[in-house]
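Report on the structure given below.
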Amino acid sequence: MCGIIGMVGEKYRLEALIDGLKKLEYRGYDSAGVAYVENGSLVLRKVRGRINQLIESMGEELKKNIRVGIAHTRWATHGEPNEINAHPQTDCTGKLAVVHNGIIENYRELREELLSRGHVFVSETDTEVISHLVEENFEEDLLEAVRAAVRSLDGAYAIAVSHAERPEELVVARKGSPLVVGKGQGLGLLASDITPMLSYTRDVIFLSDGEIARIRGSNIEIYDLEGNRVEKKALHVDWDETDAKKSGYKHFMLKEIMEEPEAVRRSLTNRITSNRRVVFEELELVAPAIASARKVMVVACGTSYHAGLVFKYFLERFSDLDVEVDVASEFRYRDIHVDKNTLVIAISQSGETADTLQGVRLAKRKGGTVIAVCNVVGSTLTRESDATILMMAGPEIGVAATKTYVSQLVVLYLLAMYMTAKKSVWREEFDEILYQLAHIPEVFEGLLSRSEEICKLAKKYQNYHHFMYIGRGLGVPTAMEGALKLKEISYINATAYQAGELKHGPIALLDEKFPVFAIAPRDRLFQKMKSNIMESVARGAPIISLGTEGDRELLEVSHDTLWVPKIDENLYPLVMAPVIQLFAYHVSDLRGLDPDKPRNLAKSVTVE
Ligand code: M6R
C-alpha cells in the first residue's frame with residue numbers, strides 16, 4: 001500500500017531512485033510519480049498505471065544526475081487513480097513536493113481553511129493539504145515547517161518533503177504509517193520498508209510515531225514533535241538483497257513457495273532443544289504472564305488469521321485454555337473482554353497492518369499482554385508488543401502470503417507447545433510432533449517437486465468460475481486459506497465452508513459447474529468429511545480432494561486427488577499449505593494473470 005522512497009546527498013542517477021521505487025512495487029499501487037530538484041526548480045513526473053510507464057515516459061531523463069529526489073507509488077484512497085492525484089503533491093509555489101502514505105482524517109476541514117486563506121488545490125487527495133500546510137509554515141527551516149504542519153494533522157501519515165530551495169535535504173515524518181531511514185555511501189535514504197534500502201545498507205532506523213527526521217546526505221537528525229532531539233540506534237537487518245529478487249523464477253510467488261523448506265528451517269532453528277523441548281528466549285519476560293493467562297485471544301487479518309485458527313484448534317486440543325480468534329478489523333471495534341490475565345497473540349507478517357496494530361493498542365490499553373508473531377524486525381508491531389517471536393521467513397515480495405504462512409504455522413505450533421508446558425505439563429504427544437516438525441523441511445522438498453502434477457490439475461480446472469473449499473476441524477483453516485489464495489490471484493469466486501455447514505445452505509450452489517475442493521486428510525474427522533464429499537458428488541459437483549497419500553477410500557469418492565504424506569494429524573495444515581498455494585499459483589498463471597500483483601490488493605495494508 002503506497003510506497004515512498006527518497007534519496008539525498010552526493011550526485012546519483014535519477015534511475016537509481018526509480019529502481020528503488022520498483023522494489024516497492026509489490027506493495028500494490030495504481031499510479032506512480034517522482035519529484036527532483038534541478039537548477040533550483042522542482043521537476044515533477046507522474047503517470048497513472050505502472051512504474052514501467054513512468055520509466056518509458058521519462059526515457060533519457062533517467063540518466064540525469066541529481067542530488068535530491070522523492071518518488072511514490074499510490075494506492076488510491078481519496079480521488080481516483082490519475083496523474084493529478086498521483087504523488088508527489090505540490091504547493092501553490094510549485095517548489096515543494098510531498099509524498100504520503102496514510103489517510104488524513106481531517107483533510108476536509110483543513111482544505112476549507114486553506115482555501116479560505118487563498119490556497120489553490122489541484123487534486124482530490126488528502127495529501128495536498130500537507131503540501132499547502134508546509135508551504136504556509138516555510139520560511140527558512142524546512143524541518144520546522146513540517147513540524148508545524150503535521151501538528152494540525154489527524155489520521156495516519158508517513159511523509160517525505162522536498163523543497164527546491166533546500167536541495168541538500170529531505171524531511172520526513174511519521175505517525176501510524178511505516179517509514180525507515182538509513183545511510184548509504186554519501187547518501188541519505190528513506191523508504192516505506194527496507195527492501196529498497198538493501199542495495200545500500202542493512203543498518204536502518206525505523207521511525208516511531210511522532211518522529212520527524214532531517215536527512216542531509218549521511219547525516220540524519222531525528223526529533224520529536226516538540227522539537228527535542230531523539231537519539232536512535234540503527235537496527236541491523238539480516239536480509240539479503242538477492243532474497244528480494246526473482247532469481248530466474250517466473251514470479252516471486254513461485255520463488256517464495258519454493259523457498260518454503262528454507263523458511264521453515266529458519267523458523268525452527270534454535271527453538272527445539274536436543275531433549276525435545278521448545279525454547280523461546282524472546283518470551284522470557286512474558287513467561288509469568290503466559291503461566292497465569294486465563295484467556296488467549298488472537299488478532300490478525302487474512303492469511304495470518306487463518307494461521308491463528310490453526311493455533312486455536314491445536315492449543316485447545318492440548319491445553320485447557322480457550323482461544324478466541326478474530327479478524328482485527330472486528331476485534332478492534334468489539335466490546336472485547338481483556339484484562340491482565342489475557343494473553344493476546346498478534347499475528348502479522350508485515351507488522352504494519354493497521355487493523356492489527358489498532359487491535360493490539362486496544363488490548364494493551366485494557367491491560368492484556370501482547371505477543372507478536374511477525375516477520376519484519378523493527379516493524380511497528382514488534383515495537384509495540386510486550387514480546388516478539390520473529391518468523392525468520394525472509395522477505396516476501398509476492399502479495400499472496402506463502403512462505404510466511406508456513407513459517408507462521410511452525411512458530412505457532414511451537415508457541416502452543418511452549419504455552420501448554422508453561423501452564424501445566426509437557427504433553428507426551430509433543431515429542432512426536434516436535435520430531436516430525438523438525439523433519440518438515442524435507443517433507444516440503446518432496447511436496448514441491450510435485451509442482452508439475454499440480455499444474456496439470458490446474459489446467460483441467462482453470463476455466464471454472466466458482467470453487468467451494470470445504471474442511472473439518474483443522475482442515476477448516478486450510479480450506480479458508482485455499483479459497484483465499486485462489487480468489488485473490490485468479491479472481492475465481494472461491495468460497496470456504498466448514499464441511500458440516502454445506503447442508504445448511506451452500507450445498508444449493510453445487511452442480512457440475514461448481515467444483516468442490518475437499519480438505520480430507522486421514523484424521524479423526526475423515527469419515528465425516530467423506531460423507532460431505534459424497535453429498536457433493538450426489539449434486540454433480542466435480543471433486544478435487546487433498547488427502548493422505550494412497551487413501552483408497554478418498555480415491556473412490558473423488559474425481560481428482562492431490563496427496564500429502566501421512567503425518568501426525570495435527571500437522572496436516574502445514575503440509576497441505578504448499579499444495580493449495582501451488583494450485584492457486586498455477587491457475588492464476590494459466591489464466592494469464594500476474595499472481596505477484598493482484599488487482600486492488602496491497603502487500604502491506606497500512607490503512608483501515
Ligand atoms: O502483514 P499481515 O500478515 O498483517 O497481512 C495480513 C493480510 O493482509 C495478509 O495475510 C493477506 O491476507 C495476504 N497477503 C493474502 O495472501
Side-chain angles (χ1 to χ4, degrees), residues 1-2 26-28 75 177-178 192-195 251-254 256-257 260 263 298-311 325-332 344-361 370 372-382 384-385 388-391 393-409 411-412 469 477-478 480-491 494 496 577-578 580-585 587-588 593-608:
M1 199 154 272
C2 295
Y26 77 99
R27 296 171 65 91
W75 191 85
S177 297
S192 300
D193 66 49
I194 52 187
T195 35
H251 296 108
F252 277 111
M253 182 175 175
L254 183 60
E256 286 157 4
I257 295 173
E260 287 180 358
V298 177
V299 57
C301 305
T303 296
S304 298
Y305 167 75
H306 299 151
L309 289 174
V310 174
F311 175 74
V325 190
D326 206 354
V327 288
S329 51
E330 287 300 310
F331 179 92
R332 59 179 291 199
V344 176
I345 314 293
I347 309 170
S348 171
Q349 181 281 127
S350 61
E352 301 294 352
T353 302
D355 285 320
T356 306
L357 289 171
Q358 290 301 347
V360 162
R361 288 169 191 148
V370 178
V373 174
C374 187
N375 195 36
V376 182
V377 65
S379 58
T380 309
L381 180 64
T382 64
E384 296 197 11
S385 300
T388 298
I389 305 178
L390 284 173
M391 289 148 51
E396 187 174 74
I397 306 296
V399 164
T402 53
K403 64 174 176 174
T404 55
Y405 179 58
V406 295
S407 280
Q408 277 170 347
L409 290 180
V411 162
L412 289 165
Y469 280 69
T478 306
M480 292 172 82
E481 180 58 11
L484 176 63
K485 280 292 89 91
L486 189 66
K487 79 179 99 178
E488 70 175 327
I489 58 172
S490 72
Y491 318 143
I580 53 166
Q581 293 167 355
L582 280 171
F583 181 76
Y585 168 77
V587 171
S588 166
L593 301 167
D594 180 353
D596 286 343
K597 299 187 199 90
R599 67 185 181 204
N600 305 336
L601 293 183
K603 181 68 180 165
S604 188
V605 186
T606 51
V607 295
E608 272 190 55

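For ligands, and for the atoms within them, numbers begin at 1 and follow the listed sequence.
Protein heavy atom in closest approach to atom 8 (O) of ligand 1: Val605 CG2, 4.0 Å. The closest protein non-hydrogen atom to atom 16 (O) of ligand 1 is Glu488 OE2, 2.5 Å. At the shortest separation from atom 1 (O) of ligand 1 among protein heavy atoms lies Ser350 OG, 2.6 Å. In terms of protein heavy-atom proximity, atom 9 (C) of ligand 1 is nearest to Thr303 N, 4.1 Å. Closest protein heavy atom to atom 7 (C) of ligand 1: Cys301 O, 3.6 Å. Thr353 OG1, 2.4 Å is the protein heavy atom nearest to atom 4 (O) of ligand 1.
Atoms of ligand 1 found under 4.0 Å from any heavy atom of Ser304 (numbered from 1 in listed order, with element): 2 (P), 3 (O), 10 (O). Applying the 4.0 Å criterion to heavy atoms of Lys485 picks out, from ligand 1, the atoms 16 (O). Within the listing of ligand 1, atoms 16 (O) sit less than 4.0 angstrom from a heavy atom of Ala400.
Of all non-hydrogen atoms in Leu484 and His306, the two that sit nearest each other are CD2-CE1, 3.8 Å. Contact detail for Thr356 and Cys301: the closest heavy-atom pair is OG1-SG, 3.5 Å.
Side-chain contact between Glu481 and Ile580 is present, with at least one heavy-atom pair separated by less than 4.5 Å. Between Gln349 and Thr303 the shortest side-chain heavy-atom distance does not fall below 4.5 Å. Residues Leu412 and Ile345 meet the side-chain proximity criterion, which asks for heavy atoms closer than 4.5 Å.
At under 3.5 Å, a nitrogen or oxygen of Val399, whether backbone or side chain, sits near a nitrogen or oxygen of ligand 1. Some N or O of Ala401 is nearer than 3.5 Å to an N or O of ligand 1, by distance alone. Note: no N/O pair closer than 3.5 Å links Gln408 and ligand 1 by distance alone.
Put simply, the side chain of Glu396 gets close to the backbone of Thr402: a donor and an acceptor are under 3.5 Å apart.
For the atom pair OG (Ser490) and NZ (Lys485), the distance works out to 12.0 Å, reported to the nearest 0.5 Å. Of the inter-residue distances, the one linking Asn375 atom CG with Ile389 atom CD1 reads 13.0 Å to the nearest 0.5 angstrom.
In this model, no donor atom of one side chain and acceptor atom of the other lie less than 3.5 Å apart for Glu352 and Ser379.
Residue contact check for ligand 1: Glu352 places no non-hydrogen atom closer than 4.0 Å to it.
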